[in-house]
Amino acid sequence: MKKAILVLTAVLLVCHISFGQSEDFTVYNDLSYLSKESVSNDSLQRLNLVLPSNKENYPLLIWIGGGAWSYGDRNQEMDLAKRFAAQGIAVASIGHRLSPATWRDSTLDKGIQHPRHIEDVAASVKWLHDNADTYGYDKGAFFIGGYSSGAHLSALISLDNTYLNQVGLSIEIFKGVIPISGTYDIVDYHNVFLNGGRPELAKLHVEAVFGSTDKDFKNASPVTYLKNLSIPMLLISDNTLYNYSKLFEEKIRETEFRDMQVLYSYDLSHGELWKNISLSEKSIYRAVIVNFIKTLFGNG
């Protein structure tokens, strides 16, 4: 299905979405998504699962929190997860192995590089698929999204079949993808730091995560795989990451894919948008995400 790209802005958006706001949900923390012999960092390679109570066959949002691929914490995403569960959407908050981040903290000097993060995400998707009947969510209604570095990972796994193929799945497992405030062209991302006010971050941050060559950057970039666009997308960005999201949108516009909605928050910074979606009692951005999921779930 191909639709015209719909650009939504906060000033034009009027939300009257009401799905029932039950506070009842069940939380399962620290579920390992790998076999014991496959685990290399047991504290990170786990997920938290939040399920709506008194419902069956609800959609599942697989959520990857932010943290520059280097200091993400699935537990920080639990407020967000519970708010979606209260709307009848199960959420799996995914943990993954992390890269070094000496630019932020000199003690964060050990870690992994791409593609280890996304291999963990693929393993978690496989576990969630295999355990759908146990926990009651609909394995035919998987959505994936994330914030910041999690946005990059959610976009990449929905476009590059490599990682899901390795675990016996494909990108067709997803009904929708929701990248929020990420970067999607790592060549561009590296150049921004290299030519900006803190060029040392090109090496200490970007190269520490992805490697040091243009080939490494291209392999890790969602824009490299736009020929595979097939999953409905809701692209959201704050005003800090606007340029990265706008570049992604423009490259998608150059393709024939049109099943995408775009929402820019011109008044909220990177941290402010995350707080709005995760913590605000009423969030138009969270409401748009809920509507995106519920609409596609209802059309399943």
Do Leu128 and Tyr33 pass the side chain to side chain contact (heavy atoms under 4.5 Å, CB included) test, and can you show the C-alpha distance, the side-chain angles, and the key distance before you say yes or no? CA-CA 8 Å; Leu128 289 162; Tyr33 53 77; over 6 Å; no
Classify the angle between the aromatic ring planes of Tyr189 and His205 as parallel (below 30°), tilted (30 to 60°) or perpendicular (above 60°). perpendicular
For the residue pair Phe142 and His129, does the interplanar ring angle fall in the parallel (under 30°), tilted (30 to 60°) or perpendicular (over 60°) class? perpendicular
Heavy atoms only: give me the nearest [X]-[Y] pair and the separation to one decimal.
X: Asp109; Y: Pro100; answer: C-CB, 4.0 Å
X: Phe292; Y: Pro232; answer: CZ-O, 3.6 Å
X: Gly196; Y: Pro199; answer: O-CD, 3.5 Å
X: Val177; Y: Ser158; answer: CG2-OG, 3.8 Å
X: Pro59; Y: Gly88; answer: CD-O, 3.7 Å
X: Trp274; Y: Tyr147; answer: N-OH, 3.1 Å

Tell me whether [X] contacts the main-chain N or O of [Y] through its side chain, where contact means a donor paired with an acceptor under 3.5 Å.
X: Lys294; Y: Gln87; answer: yes
X: Tyr184; Y: Gly182; answer: yes
X: Asp160; Y: Leu156; answer: no
X: Ser221; Y: Thr224; answer: no
X: Ser245; Y: Tyr242; answer: no
X: Ser283; Y: Ser280; answer: no
X: Ser278; Y: Leu80; answer: no
X: Ser99; Y: Ile112; answer: yes
X: Asn165; Y: Leu169; answer: yes
X: Tyr285; Y: Ser237; answer: no

Would [X] end up clustered with [Y] when hydrophobic side chains under 4.5 Å apart are linked, directly or stepwise?
X: Leu108; Y: Leu98; result: no
X: Val223; Y: Tyr225; result: yes
X: Leu34; Y: Leu44; result: no
X: Val187; Y: Leu194; result: no
X: Leu226; Y: Leu235; result: yes

Under the rule for side chain to side chain donor-acceptor pair (under 3.5 Å), what residues qualify as partners of His152, not counting sequence neighbours? Trp69
Hey, are [X] and [Y] close enough for a salt bridge, meaning a charged N less than 4.0 Å from a carboxylate O?
X: Arg83; Y: Glu281; result: yes
X: Arg97; Y: Asp120; result: yes
X: Lys246; Y: Glu249; result: yes
X: Lys218; Y: Asp214; result: no
X: Arg116; Y: Glu119; result: yes

Please check if the number of heavy atoms outside Lys275 that lie under 6.0 Å from its NZ is greater than 12. no
Where do Val27 and Leu51 land on the side chain to side chain contact (heavy atoms under 4.5 Å, CB included) test, with the steps shown first? CA-CA 6 Å; Val27 178; Leu51 306 178; over 6 Å; no
Any donor-acceptor pair under 3.5 Å linking the side-chain atoms of [Y] with those of [X]?
X: Ser170; Y: Asn161; answer: no
X: Thr183; Y: Asp185; answer: no
X: Asp238; Y: Ser181; answer: yes
X: Ser43; Y: Asn41; answer: yes
X: Glu207; Y: His190; answer: yes

Taking the side chain as every heavy atom from C-beta outward, state whether [X] and [Y] have any pair of such atoms under 4.5 Å apart.
X: Leu61; Y: Ile144; result: no
X: Phe25; Y: Val91; result: no
X: Phe193; Y: Glu200; result: no

Go through Val125 and Tyr163 one step at a time and tell me if the side chain to side chain contact (heavy atoms under 4.5 Å, CB included) criterion holds. CA-CA 10 Å; Val125 175; Tyr163 310 104; over 6 Å; no
Side chain to side chain contact (heavy atoms under 4.5 Å, CB included) for Asn239 and Asp267? Distances and angles first, verdict last. CA-CA 7 Å; Asn239 60 24; Asp267 61 333; 5.5 Å; no
Start with the C-alpha distance between Lys82 and Asp24, add both sets of side-chain angles, then the distance that settles salt bridge (Lys or Arg N to Asp or Glu O under 4.0 Å), and finish with yes or no. CA-CA 9 Å; Lys82 291 173 182 177; Asp24 294 331; over 6 Å; no
Output the distance between atom [atom1] ([X]) and atom [atom2] ([Y]), rounded to the nearest 0.5 Å.
X: Ile277; Y: Leu268; atom1: CD1; atom2: CG; result: 9.0 Å
X: Ile180; Y: Ile64; atom1: CD1; atom2: CD1; result: 11.5 Å
X: Leu60; Y: Trp63; atom1: CG; atom2: CH2; result: 13.0 Å
X: Asn191; Y: Phe217; atom1: CG; atom2: CZ; result: 8.0 Å
X: Ile89; Y: Phe143; atom1: CD1; atom2: CZ; result: 8.0 Å
X: Leu229; Y: Asp259; atom1: CG; atom2: CG; result: 10.0 Å

